[in-house]
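Scroll down for the structure; my scribbles are underneath it.
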Amino acid sequence: MMIRTAADVGTIANSPLLWILALAVMGIVLLQSGVYMVAVRKNAAGADMSQREVFHAFRAGGVAAIGPSLAVVLVAIALLPLFGTPAILVRIGLIGSAATETASASIAAGTVGANLGDETYTQSVFLIALFAMSLSGACWMISTLILTPILARGQDTLARVNPALMAIVPGAALLAAFGALTVTELPKSGYHVLAVVVSAAIMAVCLWLARQFTQAWLREWALGFSIIGALVVVYLATN
């Protein structure tokens with residue numbers, strides 16, 4: 001019989017079954033990444049890329065992922081007492097959006113009159129929250145699976161009509177996405193404003209130095225430096 005107390009949430013949150021499922025998911029992710037890397041190396045010549053350029057592309061992607069991954073890891077560590085390691089590995093580690101996952105869990109817990117982390121957070125509430133997070137992520141992935149081929153056909157049509165426009169649209173979409181995320185953070189507090197200003201300044205300095213001294217590696221590490229620098233400055237400002 002399930003013990004319905006908040007203190008025993010960790011028992012079910014770190015159960016062997018969840019560990020097996022979490023490791024299976026992460027194994028699939030690693031396998032998929034390996035398949036993609038092998039496919040890129042085999043088809044590089046068709047895209048007029050040398051193996052050296054492929055290596056630089058892999059390195060740039062890996063370095064650029066350090067900063068955002070570090071931010072997710074810091075939040076994930078804070079959420080371990082709530083959701084346990086297996087759930088964090090799958091939900092936060094796979095989706096990468098701690099805010100979205102926590103919001104889904106919080107809303108789900110609220111539907112049964114409970115709150116994350118207090119005495120109302122029982123094993124039953126944990127299962128409801130985990131199901132809500134999993135359902136949210138599954139719907140997102142299914143939508144991506146369905147919409148990606150449709151959008152790809154639209155991209156091909158647009159490329160035929162105006163090839164130059166396709167060079168602008170991806171960059172504009174990224175700027176809009178990150179701009180929207182930044183704008184939503186600014187009103188929260190002065191520390192959020194400080195983080196944005198410091199990270200933007202570090203990014204600008206890194207890009208300027210990379211251009212002036214022709215240091216491509218600095219451009220690759222700029223994102224990681226800006227995120228870590230902003231975290232350090234805000235931490236010092238709050239202590």
Side-chain angles (χ1 to χ4, degrees), residues 1-39 58 61-148 177 181 184-185 188 224 227-228 231 234-235 238:
M1 181 177 180
M2 184 180 295
I3 303 174
R4 300 179 182 275
T5 62
D8 291 309
V9 169
T11 303
I12 190 172
N14 294 285
S15 64
L17 177 59
L18 288 183
W19 267 110
I20 292 172
L21 295 175
L23 293 176
V25 171
M26 300 309 294
I28 293 173
V29 172
L30 292 175
L31 177 62
Q32 186 182 47
S33 300
V35 170
Y36 284 152
M37 293 177 69
V38 171
F58 286 157
V63 171
I66 292 176
S69 299
L70 178 61
V72 173
V73 167
L74 292 175
V75 177
I77 291 174
L79 295 177
L80 284 176
L82 286 177
F83 304 121
T85 305
I88 291 295
L89 280 176
V90 176
R91 305 312 318 150
I92 310 299
L94 183 60
I95 302 301
S97 176
T100 301
E101 297 296 293
T102 305
S104 299
S106 180
I107 293 172
T111 60
V112 292
N115 297 303
L116 300 179
D118 64 12
E119 65 279 357
T120 62
Y121 188 54
T122 63
Q123 289 186 354
S124 299
V125 177
F126 166 77
L127 292 177
I128 294 173
L130 181 60
F131 181 80
M133 291 190 293
S134 302
L135 183 61
S136 173
C139 290
W140 172 59
M141 292 183 178
I142 292 173
S143 299
T144 303
L145 181 65
I146 296 173
L147 293 176
T148 298
L181 291 172
T184 57
E185 295 297 319
K188 292 183 178 180
I227 292 177
I228 295 174
L231 289 174
V234 173
Y235 173 80
T238 54

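The figures here come from the full heavy-atom set of this structure, side chains too, leaving out hydrogens, waters and symmetry mates.
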Notebook entry, point to check: Residues in side-chain contact (heavy atoms from CB on, under 4.5 Å) with Thr184, at least two apart?
Noted result: none
To the nearest 0.5 Å, tell me how far [X] [atom1] sits from [Y] [atom2].
{"X": "Ile128", "Y": "Ile107", "atom1": "CD1", "atom2": "CD1", "value": "14.0 Å"}
{"X": "Thr85", "Y": "Leu18", "atom1": "OG1", "atom2": "CG", "value": "10.5 Å"}
{"X": "Ile142", "Y": "Leu147", "atom1": "CD1", "atom2": "CG", "value": "11.5 Å"}
{"X": "Leu89", "Y": "Trp19", "atom1": "CG", "atom2": "CH2", "value": "5.5 Å"}

Notebook entry, point to check: Side-chain contact, heavy-atom cut-off 4.5 Å: Met133 with Val90?
Noted result: no
Notebook entry, point to check: So do the side chains of Val9 and Phe83 get within less than 4.5 Å of each other, counting heavy atoms only?
Noted result: no
Do side-chain atoms of [X] reach the backbone of [Y] as a donor and acceptor pair under 3.5 angstrom?
{"X": "Tyr121", "Y": "Phe126", "answer": "no"}
{"X": "Thr238", "Y": "Tyr235", "answer": "yes"}
{"X": "Ser15", "Y": "Ile12", "answer": "yes"}
{"X": "Thr120", "Y": "Asn115", "answer": "yes"}

Minimum heavy-atom separation for [X] to [Y], with atom names?
{"X": "Ala109", "Y": "Val125", "result": "CB-CG1, 3.7 Å"}
{"X": "Ala132", "Y": "Ser104", "result": "CB-O, 3.9 Å"}
{"X": "Ala129", "Y": "Ala105", "result": "CB-CB, 3.8 Å"}

Notebook entry, point to check: Is it the case that more than 12 heavy atoms not belonging to Phe58 sit under 6.0 Å from its CZ atom?
Noted result: yes
